[in-house]
Amino acid sequence: MLKATLRSFLAHKGRLLLSALAVLLSVAFVTGSLIFSDTVSSTFDRLFASTAADVTVSPKEDLDEAVPSGRTATLPAALAARVRQVDGVAAARAEVDVDGLTVVDEENEPVGPTTGAPTLGNAWNPNERSPVELTSGHAPHGDGQALLDSETADRKDVAIGDTLTVIAPPGSFKVRVVGIATFTTTNPGAALVFLDPRTAQTKLLDSPGAATSIAVDAADGVSDEQLKQRVTAALGAGTYDFRTADEQAESDVEQLGGFLDVIKYVMVGFAGVAVLVGVFLIVNTFSMLIAQRTRELGLLRALGADRRQVRRSVLTEALLLGLVGSTLGLAAGVGLAAGLIELMGLLGMNIDAGEMVIGWVTPVTAYVVGLGVTFVAAYLPARRAAGVSPMAALSDAEVAGVGRPLRVRAVAGVVVGAAGAAALMGCVAAEQTSSAASLLGLGVVLTLIATVIAGPLLVRPVIRVLGAAFPALFGSIGRMSQRNALRNPRRTGATAAALMVGLALVGGMSVASASMTRSFDQQIDKTLGADFVIQNTNFLPFPKEVTDKVRGTEGAGLVVRGRFTPVGVRLPDGDRVETTAAGYDPRLDEVANITYVQGDSAAALAAGRLAMDRDFARDHDVRVGGTLPVEFPGGRTAELTVGALTDQDSAEGFGTQGGLYFGLATLERYAPGGQDSALYVNAASGTSDDDLRAHLERTLDPYPQVQVRDLADYKQLVHDQIAVLLYLVYALLGLAIIIAVLGVVNTLALSVVERTREIGLLRAIGLARRQLRRMIRLESVVIAVFGAVLGLALGLVWGVCTHEVLALQGMAALAIPWTTIVAVVIGSAVVGVVAALLPALRASRMNVLAAIAHE
């Protein structure tokens, strides 16, 4: 049996190649994501471990800043002198490290990265742990000199002697580049500007006596933990954050973790789609191969092989396929990881591919995924093969399921489908977002499984409709292609299922994204009353001088500032919620249309008061007039009175999570030092919008990071953000289509082999090569369109239910992107034509006599 299994596997290696590609893609995405994330994590672990001081003293921050506030937390630089007196301290330095800068050259072009990485301003304190070293020029002295990192200088053609403008939180200033510093470790993609310590404190922190941290080096024989305990005792526990080198490195890695997780989850998503679609392909391939080997399997049974041996033989072939696919997928995953590393290099993050990390988990995962996929996919065909009777060797019977009743599938499909429909209806009826989302996920999974199970039941009625015009358009060729697609509903259903999965995903996400876009458009139309909104390109806050210059712009009338801060709120029900609150100027009503359930803007923005969303208030037993303890950055606390409740559906964009906002006077009292994140500007009387825009753009020309947006621009900004998610879905669709094409090609190729004698007879009675190719292409098209119709129908249901979940968050508008749906159906027909090219060509080249004699 082992010899027979190996010979069978090698005899069908051509037919199994396409299935191996599905395994390869699945494994490649899984292993590529693991290798890439392990390599990046290892690289940054070494970077942070090598550059972190033995002990770092930093300002105590109890609140996470989810939305940038522009506030730089500081501590007294004089602490360095106190720390130097501590026993076991070899050295202590006051560090200045400020992000969110904008640096422009003499032509007003940004010098920093455009990939989202920060531009950092630092004090030049060279030491053995510095990530850079001075390689040309000299160190900066005085407030007019600076160093620039070599990679930024090379990328932007900046040379020693050039003048740059640094736009920092306190304001902008000019510096002359007097030296170039080169990274000795990995550059995380940031641009670095170094000033002398005194200048950094004055220009970046607006305080000559401030620092962002104190770096402490241990004397010989003193451990980091011992040093931390001594420094903590000297400065007082609870006054600052104290971290050892390992703890600081771990904290830095956690901050980077979000970026790594995004990449990892995206690649795991690709791997999941590849695995799911690959299962359909492998099931279909093995089902057809077993159908074609009915006589061979019957002879094995007649010669004495029992059911278990036949089943084991088929599963062994599957595991061999998985072994080959996993090995090739592991190699492809290494290549994919190398490609990602190169891509990161183009984006400014230089990682050495020679230091690629391949841990033991990676190959184990590769083979578990590859072998697991093929084993699961081949199990049912293997059981079917074991049921072949010895008498089948004497006939032309097949076990592919032709003509077998589909009652079991019908019952299973109805039961699972009913459960899925009930979950989706529960999602629509739910009033809490969390429960609605959970029911949506359950409903999506169950309805997908039900559609796959019941797919063969839908083949005959749907394909009769889709192919109804074929006889009229293509005559007998069209009739035969339609009947070929109807010949084996199980096979047609399994082939179309691969395409159905990807298109269902696209259909659902297209409806969701179109609904989100329309909802945001309606909310922006309803709430935004300002003529223009001034915002940073990357939504970071901007310096006060920008606000001052906008206020002084010709034709500018009312200017309302918007600012953010992290807060912690103790609520009446006992919960403590950390969120982001907004602060606005008193005349908010003139630039925003906010619907108040209780109170008004005057009550919301008055000193010592705040407003919140009514649903948030109801969930936490908050009442107007009640007092809430609110924690601000830096340990400040306040008792604020609830002055108003809003309808968040119409206040979207002016509140944040929970809809908390208050007056800027309140914010500046308890969280000073922040920067404006948005300015809402109305034109002065007698000034047209076009004139004001021109004046504003002229005013903001020295600040390329700040944009002037009107209502249409603001909508486009939201559209672009939603489009990023949609592009990811389209990429998943592309992967699913690639594997689905492999499935259609595989099915048609095996079908051609299966129908060799039939094709020979058709050719013998006069069927031309061109007609034969057309027949196979039409069969492929109708199968692909069948998959598209099922997928889009399922996706539309998912999309509508997803919209109901979004409606609980205020995005109530429903939009169906009919253009996208029609384009997908047409594209599916094209996919069918492409997938049929090779099988049709092969069929048309058959020798007629050899085909008639084929067994």
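Treat the numbers as computed from the prediction; the structure is a model and nothing was measured.
Ser515 places no side-chain N or O within 3.5 Å of a backbone atom of Leu814 that could act as its donor or acceptor partner. In this structure, Thr517 contributes its side chain and Ser513 its backbone to a donor-acceptor pair below 3.5 Å. Under the 3.5 Å distance criterion, the side-chain polar atoms of Thr374 are left unmatched by any main-chain donor or acceptor of Leu319. With hydrogens and angles disregarded, a donor-acceptor distance shorter than 3.5 Å links the side chain of Thr492 to the backbone of Ala485.
When side chains are defined from C-beta on, Thr31 does not count as touching Thr365, because their heavy atoms never get closer than 4.5 Å. Met516 has its side chain within reach of Leu806: a pair of non-hydrogen atoms, C-beta onward, lies under 4.5 Å apart. Counting heavy atoms from C-beta outward, Val452 and Met500 have side chains that approach closer than 4.5 Å. With contacts defined as side-chain heavy-atom distances shorter than 4.5 Å, the pair Ile477/Phe470 does not qualify. The shortest distance between side-chain heavy atoms of Leu796 and Val511 falls below 4.5 Å. For the pair Leu424 and Leu440, the minimum side-chain heavy-atom distance is below 4.5 Å. Taking 4.5 Å as the limit, every side-chain heavy atom of Ile821 sits out of range of all side-chain heavy atoms of Ser510. Side-chain contact between Ser828 and Val824 is present, with at least one heavy-atom pair separated by less than 4.5 Å.
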- prompt: What's the verdict on side-chain contact (heavy atoms from CB on, under 4.5 Å) for Leu778 and Val782, showing C-alpha distance, side-chain angles and the deciding distance?
  reply: CA-CA 6 Å; Leu778 290 175; Val782 77; over 6 Å; no
task: Please report the C-alpha distance between Arg487 and Glu758 in whole Å, then the side-chain angles of each, then the deciding distance to 0.1 Å, and finally whether the salt bridge (Lys or Arg N to Asp or Glu O under 4.0 Å) criterion is met.
output: CA-CA 13 Å; Arg487 178 183 294 187; Glu758 175 187 319; 3.0 Å; yes
Stepwise side-chain contact (heavy atoms from CB on, under 4.5 Å) test for Val805 and Cys427: CA-CA 7 Å; Val805 178; Cys427 163; 3.6 Å; yes
Step-by-step side-chain contact (heavy atoms from CB on, under 4.5 Å) determination, Ser780 to Val833: CA-CA 7 Å; Ser780 177; Val833 172; over 6 Å; no
- prompt: Passes side-chain contact (heavy atoms from CB on, under 4.5 Å), Tyr367 versus Leu323? Steps please.
  reply: CA-CA 7 Å; Tyr367 285 104; Leu323 186 64; 3.8 Å; yes
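Remark: Arg518 CZ to His719 NE2 distance equals 10.5 Å, nearest 0.5 Å.
Under a cut-off of 6.0 angstrom, the local environment of CG in Leu838 is sparse, with at most 12 non-hydrogen atoms contributed by other residues, nucleotides or ligands.
Heavy-atom minimum distance, Arg773 versus Ser844: NH1-OG, 3.3 Å. Of all heavy-atom pairs spanning Leu439 and Ala423, the tightest one is CB-O, 3.5 Å.
Listed by first then second residue, pairs satisfying salt bridge (charged side-chain N to carboxylate O under 4.0 Å, His left out) with a partner in residues 790-800 number zero, not counting sequence neighbours.
Screening Leu34, Ile358, Ile341 for a side-chain contact (heavy atoms from CB on, under 4.5 Å) involving Thr39 leaves a single residue, Ile341.
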